[in-house]
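Since the structure comes first, as C-alpha cells, the remarks are kept for the end.
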Amino acid sequence: MVVAVVFTIYVLIILFLTSARDPGIIPRNSRPPEEEPHHDSSVPAQARNRHTPGRQFPRTKEVMVNGMQVRVKYCSTCMLYRPPRCSHCSICNNCVERFDHHCPWVGQCIGLRNYRFFFMFVSSTTLLCIYVFSMSALYIKVLMDDNHRTVWEAMKESPPSVVLMAYCFIALWFVGGLTGFHLYLIGTNQTTYENFRHRADNRINIFDRGCPSNFDEIFCTKLNPSKNNFRALVQEEVPRPTEEAKAEDVGGDTHPKIEVDLENRQDLLKISEQHNIEEGIDLSKISRRQNDEENDSRESNDPLRSTLEADSIMGINHRASLTMTMIRSDPEPSSYGNSSSEIAADSHTNSTVTIKEAGRLFE
C-alpha cells in the first residue's frame, strides 16, 4: 500500500511538471522580419503603382542542418521563420520548438522543454498500472490459498481488487501502447508530428544519430531556459501607421489617389463628349425632319402638326439644358491642379458649342 501511494504521488508530480512547464514556445515578433518584400507578379503594374504594395515574404527558405538543406516555413501569425522541427499549434496558437503533439489529457503542448517529463509520466503510469494490477491479482491469490476457495469466491470476498484489476487492465492498453510508441520515436529521433506527416514521403531522417545518442539527447541534454517571461507585465502594442498616414505626416503627396480620380473623371468627360456628339447628330437629323415637316405644313396648314413641332423643340431644349446641368454639377477640386481645370474647361467649351448649334438649328 505504501509503495502504491508513493508511486501515485510521483506520477502526479510528473504530470504537474509536464502540464505547467513551458514546452518551448517561441516569442512572437511585434513586426515582420527585416527582409526584402516580394511583390506578386500576377498583379498588374498599374495596380501596383496606384496602391501601396503589401509586404509579402517568401513562404519558405532553406537552412543547413547537419550538412543538409532543410526547408523552414514562415509563420504569418507569429511573424517569424520557424526553426527546424518547429510547428505552430492551432490549439495553443503558438510556435513550439521540436513540436511533438498537443496532448488534451495533459492540457499542454508537448515540445522540446517538456517531452522528457511527458515520457516519464506515460511510462510511470504504465508501471503503476502494472504494479496495481499485479498486487490486486496477488491479493486474490492469497485469499484463495488461505481459505482454500475458488477464484470466484475470492473475487466475491474482495470486490475492490476486481475493480482495480479491470481498471488497470483497460488503462494499460492506452498508456502501455503510448509508451511503446514513444520508445520507438526516441530511438529513431522522431516526433509524433514528423512520424504522421512524413511517414509516406520516404524522407531521410537527418536528425537520427543512432539509438544511444538519441536517448542521450532526450534524457541527458541540458534544457535551455525558457525564452518567455510569463511573470512580466504585458506591454500594449503600438499600432503601426499605414502608408497613407505616413504620407500625411511627412507632408507627402497623394498622387496615386489623385491620378485614379483624374482617370475616372476623364472617363466621365469622354462619355459626356460622346453624348454631346450623338446629340449633335440627332439634332441635325431632327432639323432636317423639321424642315421637311415645315414645308409640308405650309402646304397643308394643319394645326396638329404645328403642335407636334413645338413639343419636339421643347424636348430638345430640355435635353440640352440637362446636358449643361450634368457638366456644371461636378465642380473640380482645387487639389487636382491645372490638368483637371483644363479638362473641365474643354468639356464646358464642347457642351457650349453643342448647345449653340442646337439653338441655331432651332432658329
Side-chain angles (χ1 to χ4, degrees), residues 1-24 87 89-92 96 98-200 211 214-215 217-220:
M1 180 65 69
V2 174
V3 174
V5 171
V6 172
F7 209 164
T8 302
I9 295 174
Y10 168 75
V11 170
L12 293 177
I13 292 174
I14 297 297
L15 172 61
F16 175 77
L17 292 176
T18 305
S19 178
R21 193 178 185 85
D22 177 18
S87 184
C89 177
S90 59
I91 301 175
C92 296
V96 180
R98 201 184 184 276
F99 177 76
D100 190 86
H101 69 286
H102 183 90
C103 183
W105 309 108
V106 174
Q108 176 69 289
C109 278
I110 307 303
L112 177 65
R113 301 189 71 253
N114 64 347
Y115 181 77
R116 67 176 62 173
F117 298 101
F118 171 77
F119 178 80
M120 291 170 63
F121 163 69
V122 174
S123 58
S124 300
T125 306
T126 302
L127 294 178
L128 179 60
C129 289
I130 294 174
Y131 178 79
V132 173
F133 182 88
S134 302
M135 291 298 104
S136 299
L138 179 62
Y139 181 66
I140 291 177
K141 180 69 169 59
V142 170
L143 291 177
M144 292 174 57
D145 294 341
D146 289 345
N147 300 322
H148 302 284
R149 298 177 181 178
T150 61
V151 175
W152 181 249
E153 292 176 349
M155 292 174 63
K156 289 174 64 177
E157 185 176 349
S158 177
S161 298
V162 178
V163 173
L164 286 175
M165 288 178 62
Y167 178 78
C168 292
F169 179 78
I170 296 173
L172 189 60
W173 285 98
F174 295 98
V175 293
L178 200 59
T179 302
F181 176 67
H182 280 279
L183 281 173
Y184 161 73
L185 293 180
I186 295 173
T188 56
N189 203 339
Q190 298 183 67
T191 64
T192 304
Y193 180 80
E194 292 171 349
N195 182 266
F196 280 88
R197 186 176 180 86
H198 306 313
R199 181 184 300 173
C211 186
N214 294 336
F215 274 89
E217 179 183 346
I218 296 297
F219 297 105
C220 301

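Each residue takes its place number in the sequence, starting with 1. Both backbone and side-chain heavy atoms feed into the values below; hydrogens, waters and symmetry mates do not. Because the structure is predicted, anything quoted here is derived from the model rather than measured.
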Full working for side chain to side chain contact (heavy atoms under 4.5 Å, CB included) between Met155 and Ser161: CA-CA 7 Å; Met155 292 174 63; Ser161 298; over 6 Å; no
Walk me through it: do Phe16 and Leu12 pass the test side chain to side chain contact (heavy atoms under 4.5 Å, CB included)? CA-CA 6 Å; Phe16 175 77; Leu12 293 177; over 6 Å; no
Can Ser123 and Thr179 be said to form a side-chain hydrogen bond (donor to acceptor under 3.5 Å, both in side chains), step by step? CA-CA 6 Å; Ser123 58; Thr179 302; 5.7 Å; no
Kindly determine whether Tyr131 and Val3 satisfy side chain to side chain contact (heavy atoms under 4.5 Å, CB included), including the steps that lead there. CA-CA 9 Å; Tyr131 178 79; Val3 174; 3.3 Å; yes
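In terms of heavy-atom proximity, Cys129 sits nearest to Leu172 at CB-CD1, 4.1 Å. Residue Thr126 comes nearest to Gly176 through the heavy atom pair OG1-N, 3.6 Å, listed as atom of the first residue, atom of the second, then distance. Nearest approach of Cys168 to Val132, heavy atoms of both residues: SG-CG1, 3.5 Å. Across all their heavy atoms, Val175 and Val122 have their closest contact at O-CG1, 3.6 Å. Here the closest non-hydrogen pair linking Thr150 and Met144 is O-CG, 3.8 Å. Across Ser134 and Ile130, no two heavy atoms sit closer than the pair OG-O, 2.7 Å.
Within a 6.0 Å sphere centred on CZ of Phe169, other residues, nucleotides and ligands contribute 12 heavy atoms or fewer. Within 6.0 Å of OH in Tyr139 there are 12 or fewer heavy atoms belonging to other residues, nucleotides or ligands. Under a cut-off of 6.0 angstrom, the local environment of CZ in Phe174 is sparse, with at most 12 non-hydrogen atoms contributed by other residues, nucleotides or ligands. Counted within 6.0 Å of OH on Tyr167, heavy atoms from surrounding residues, nucleotides or ligands total 12 or fewer; the atom is thus considered open.
To the nearest 0.5 Å, atom OG1 of residue Thr8 and atom CD1 of residue Ile13 are 11.0 Å apart. Note that OH of Tyr10 and CG of Leu15 are 12.0 Å apart. Values are rounded to the nearest 0.5 Å. The CH2 atom of Trp105 lies 11.5 Å from the CG atom of Leu178; values are rounded to the nearest 0.5 Å. Here Phe117 contributes atom CZ and Ser124 contributes atom OG; the two are 12.0 Å apart, rounded to the nearest 0.5 Å.
Under the 4.5 Å side-chain criterion, counting only non-hydrogen atoms from C-beta, Tyr184 is in contact with Gln190. Side-chain atoms of Phe118 and Arg21, non-hydrogen and from C-beta on, never get closer than 4.5 Å to each other. Looking at Leu183 and Phe215, their side chains come closer than 4.5 Å, going by heavy atoms from C-beta outward. Contact annotation: the side chain of Ile110 approaches that of Thr18 to within less than 4.5 Å [non-hydrogen atoms, C-beta and beyond]. Looking at heavy atoms from C-beta onward, Leu164 lies out of side-chain contact with Phe133 at the 4.5 angstrom threshold. At least one side-chain heavy atom of Leu143 sits less than 4.5 Å from a side-chain heavy atom of Ser158.
Ring orientation note: the planes of Tyr193 and Phe99 are nearly perpendicular, at an angle over 60° on the 30°/60° scale.
Considering Thr192, Asn195, Thr191 in turn, Thr192 is the only one that fulfils the side chain to side chain donor-acceptor pair (under 3.5 Å) rule with Asp100.
For the pair Gln108 (side chain) and His102 (backbone), a donor-acceptor distance under 3.5 Å is absent. Of the possible donor and acceptor atoms, one in the side chain of Arg113 sits under 3.5 Å from a partner among the backbone N and O of Asp22. A donor-acceptor pair under 3.5 Å is formed between the side chain of Asn114 and the backbone N or O of Gly111. Side chain of Ser19 to backbone of Val106: a donor-acceptor contact under 3.5 angstrom is found.
With ring centers used as reference points, Tyr115 lies under 6.0 Å from His182.
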